[in-house]
Amino acid sequence: MSRSPQTQDIASPWPLHAWYVAAAADELADRPLGRTICGQPMVFFRGAEGQVVALEDFCPHRGAPLSLGFVRDGELVCGYHGLVMGCAGRATAMPGQRVEKFAGIRRFAVIERYGFLWVWPGDAETADPARLHHLAWAESPDWAYGGGYYHIACDYRLMVDNLMDLTHETYVHSTSIGQKEIDEAPVETLIEGEQVVTRRFMDGIEAPPFWKMALRGAGLPDDQPVDRWQICRFTLPSHVLIEVGVALAGKGGYHAEDRWKAASTVVDFITPETETSHHYFWGMARRFAVADSALTDTIRAGQGKIFGEDLEMLERQQANLLRYPERRLMKLNIDAGGVRSRLMIERAIAAEQATPVDAAA
Amino acid sequence: MSRSPQTQDIASPWPLHAWYVAAAADELADRPLGRTICGQPMVFFRGAEGQVVALEDFCPHRGAPLSLGFVRDGELVCGYHGLVMGCAGRATAMPGQRVEKFAGIRRFAVIERYGFLWVWPGDAETADPARLHHLAWAESPDWAYGGGYYHIACDYRLMVDNLMDLTHETYVHSTSIGQKEIDEAPVETLIEGEQVVTRRFMDGIEAPPFWKMALRGAGLPDDQPVDRWQICRFTLPSHVLIEVGVALAGKGGYHAEDRWKAASTVVDFITPETETSHHYFWGMARRFAVADSALTDTIRAGQGKIFGEDLEMLERQQANLLRYPERRLMKLNIDAGGVRSRLMIERAIAAEQATPVDAAA
Amino acid sequence: MSRSPQTQDIASPWPLHAWYVAAAADELADRPLGRTICGQPMVFFRGAEGQVVALEDFCPHRGAPLSLGFVRDGELVCGYHGLVMGCAGRATAMPGQRVEKFAGIRRFAVIERYGFLWVWPGDAETADPARLHHLAWAESPDWAYGGGYYHIACDYRLMVDNLMDLTHETYVHSTSIGQKEIDEAPVETLIEGEQVVTRRFMDGIEAPPFWKMALRGAGLPDDQPVDRWQICRFTLPSHVLIEVGVALAGKGGYHAEDRWKAASTVVDFITPETETSHHYFWGMARRFAVADSALTDTIRAGQGKIFGEDLEMLERQQANLLRYPERRLMKLNIDAGGVRSRLMIERAIAAEQATPVDAAA
């Protein structure tokens, strides 16, 4: 197998041999979807059996974006002159033309699972389905999920930093999930297998507004002291899942029985678009009141507002860093989660650069 | 005659010794008009006898755009400090100043004809009125004309390609003038003197919606089979005139008597602004129902909608090509019209580079 | 004292050792204010005693703009992770952290006076309060003041040129303060100490609309001939104060007793933001009807409209100059004020480059 020069020969700011969320599954119905992932313009569509296909968003005929076209019989028809692009990235037909010798375009490996489309931006031949994360909450009837999407104009790693250090909640989200006890509680950072974990426990505190809402949703009183926890788990390439919750104080906290707590997982899939922008798929999976779809909507609206608060801060931070590229940022104990996560990313990139693709595949 | 260094010493992406449409004549009344043509900011205004004048849009005093000024007694007064610029590009007066030694600015040759302003972006001394196209339809009472203007953010040659290969109508304009028979009919490309011609004939087909409207406008039934034709004619520097029409089937098609057909000429004057943008003057000249101004408006509205559909495709194609500058596009038989037109453009540019201006003048 | 490399080692397009207006004092209340001055992003806030503090707008922790934070107990709290930045540019606290060894950020010297915040963009140690202009009108009950702010996308020196040559009023402001007599009156340019002065006197003319309004405001008839004057005074770094007014004709003009005239000072503080943009603080200080706040509002509205007319001209002029960087502009007699002011600026910059900071401090 030969190496593809466009993906291997220059240092990449992100791992390429990994599964990234490209879209929520319900974003893709009858029409093609164009989206740039890890610097590569891609078009997604559904083939004849409904399977997801990901190709380079570039018609080999005249360079038009294929995502401006339409799907017919499970193939993608270019909206400019009607070249029919098959699921393998080879033209299969074009009115009045013999297409056998037409140049092909890149095909990307893609998997639909857990309600998302996962794409592998490295060479498709190296794609390893076994490396797709297992998300138990996405397959279990014991969990409910709601989420959304933001496009954010900053390096995806600034979002990883953001989520691996929740002390920012006290400041950025002071009216919803922030409270001064977050600042005051010590944070632990540790490596658990292939995860970077930061965690913080706050016992006997008053729940902030978002969690009072969640307690009511779970059928629990919102006026009593609670034990609160936050356990952030980074995994390659750039996913952050955060176990969060509150239990009525003294019932065991994180380990309390379900009837005493409102517990959920904040889901953050962070997909690079360019070096200074990313796609942010956020949501919350919860184990309480799972049949209550109104509560799902309320939580989604609350999360949407909270994550919107991060957006301005991150984009302005990015602008400041571009202005002062030579400055070294501090690495405090609270930053250890981001620092260790970035190190894991750098090692993955270095390993890709060093490893022949044949061995990796 | 000496060569002007700013126009001759570097390769140009467009011929300079040629007449381009700068504006519709009715765009220019009492106020000056600023417009960049072939990379050069120009100001247009009417002199004392109503004649059109084109100058560099740069006041020699302090660099203000002269197009922000006003016209007084057939001269252009700078809106900043009142320098009076004469029709020859020399200051003629300025309050409290002696202007004899003021630096002049460039004057461009310009002709008003056929309802348009035609400018020659090369040295004015080389301008040859004999090289202005003759447009019989623009001077004859047997024809009616209506048209409009779009600014499009792509290389003007992508628009030439677009118009010299009408197979795109099937896809881009599927609800108005597109139909699958365009794809299916063979296309011919030939050189006729100084024209590149591509043509296509479709006999015994159903007229698409735009042509049904035109048939009704011409007093003909819209529910009968028609013979349809498209004859695209490219001429330097970048004009595309397209003979289009439908005749009731079996009456002779393109050669049918006027009473059996709705025939017109699609007019496309494509004027470079920058290397990645152009001015697009589009319209339709027709030989039926010429006194029906309501029909003129209906056709203009229909064309405006149709050409607006091209706009997104062309601008997105341009963006894709800028992203992949090294890729070679295909040259299929349907692309032959564009390919031959670009070759004619390249030869004209090369001839300008090689020819001393004295000889060309 | 050591030299700060970021301010001294490259040529600057503006003097750094000078006081610039950063804001109107009432722009700064409880929340911090971010503004870029002379290319440097700064955050302004009020310390515990209400004093103004100016710091670099960059949190040393993670590079967030401090201006997105908030003020608590006279210190600036970063809105991202709660670093507390003291008035000296050193972190004083951060939850869970020892901040003694945190990197500091730049502090800028700043003075609140005359209703404005004045900042010294050079090293704070070199700031010399004695070099702040004395503005008598701003401290006297005999004067009233009203003004506003515009952000303008052009080199600050183009605004200096504009204000030191008021012949443009005839053209740019033809409906308010312009009149052809400005063009016709000779202009004088002279150096008075550290000022560049241009002046023009127009006797026995009809007052233009703005001044008719002012005459009525001063309780004087608006239908009689007046003597009008304009005396523009440039001082470093880039302030232009213009004595303007009209007196009933034959009463002594500029030297007439107050009861015969409407006299005021146009105030223009021009603060560079980047090389192609500046902050423009404009206003009018007047010695008539000082208790009439409705008149203040009327004048402010009139000035706002007038200075808005300059804005398009200046921004388009800037665009033209960027397109033709090699062209030399003319230096006519009417331009002498701007030419001499620019020379004074250049000499100040050269002196800063040549002078060791120790000597300048």
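In what follows, every chain begins at residue 1, and chains take the letters A, B, ... in the order their sequences are listed.
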Problem - Cation-pi, B/Phe58 ring and C/Arg327 (6.0 angstrom, 45 degrees) - result: yes
Completion exercise
The interface call for B/Phe102 against chain C, heavy-atom contacts under 4.5 Å, is both
Exercise for the section: Compute whether any side-chain donor of one residue and acceptor of the other, for B/Ser238 and B/Trp14, lie under 3.5 angstrom apart. Expected result: no
Problem - Region of B/Cys78 in contact with chain C, defined by heavy-atom distances below 4.5 Å - result: backbone
Exercise for the section: Look at B/Arg316 together with B/Glu312 and state whether they make a salt bridge at an N to O cut-off of under 4.0 Å. Expected result: yes
Handout entry: Pair B/Ser67-B/Asp57, side-chain donor/acceptor within less than 3.5 Å
Key = yes
Exercise for the section: Evaluate salt bridge (charged side-chain N to carboxylate O under 4.0 Å, His left out) for B/Arg46 paired with B/Glu112, printing each intermediate quantity in order. Expected result: CA-CA 11 Å; B/Arg46 292 190 181 277; B/Glu112 179 171 4; 2.8 Å; yes
Handout entry: B/Phe108 side chain near B/Phe44 side chain, heavy-atom distance below 4.5 Å
Key = no
Practice task
Indicate whether any N or O donor in one side chain lies under 3.5 Å from an N or O acceptor in the other, for B/Glu273 and B/Tyr156.
Solution key: no
Handout entry: Under 3.5 Å side-chain donor-acceptor pair for C/Gln318 and C/Thr276
Key = no
Handout entry: Members of residues 161-184 of chain C whose heavy atoms come closer than 4.5 Å to chain B
Key = C/Asp161, C/Asn162, C/Asp165, C/Thr167, C/His168, C/Tyr171, C/Val172, C/Asp183
Practice task
Assess B/Arg35 against B/Tyr149: is NZ or CZ under 6.0 Å from the centre of the six-membered ring, and within 45 degrees of the ring's axis?
Solution key: yes
Handout entry: B/Tyr20 ring center near B/Trp118 ring center (under 6.0 Å)
Key = no
Practice task
Could you please state which residues from residues 190-213 of chain C sit under 4.5 angstrom from chain B, measuring non-hydrogen atom to non-hydrogen atom, sorted by number, or 'none'?
Solution key: none
Exercise for the section: Could you tell me which of B/Gly96, B/Gly82, B/Ala64 has the largest number of non-hydrogen atom pairs under 4.5 Å with chain C? Expected result: B/Gly82
Practice task
Look at B/Arg106 together with B/Asp123 and state whether they make a salt bridge at an N to O cut-off of under 4.0 Å.
Solution key: yes
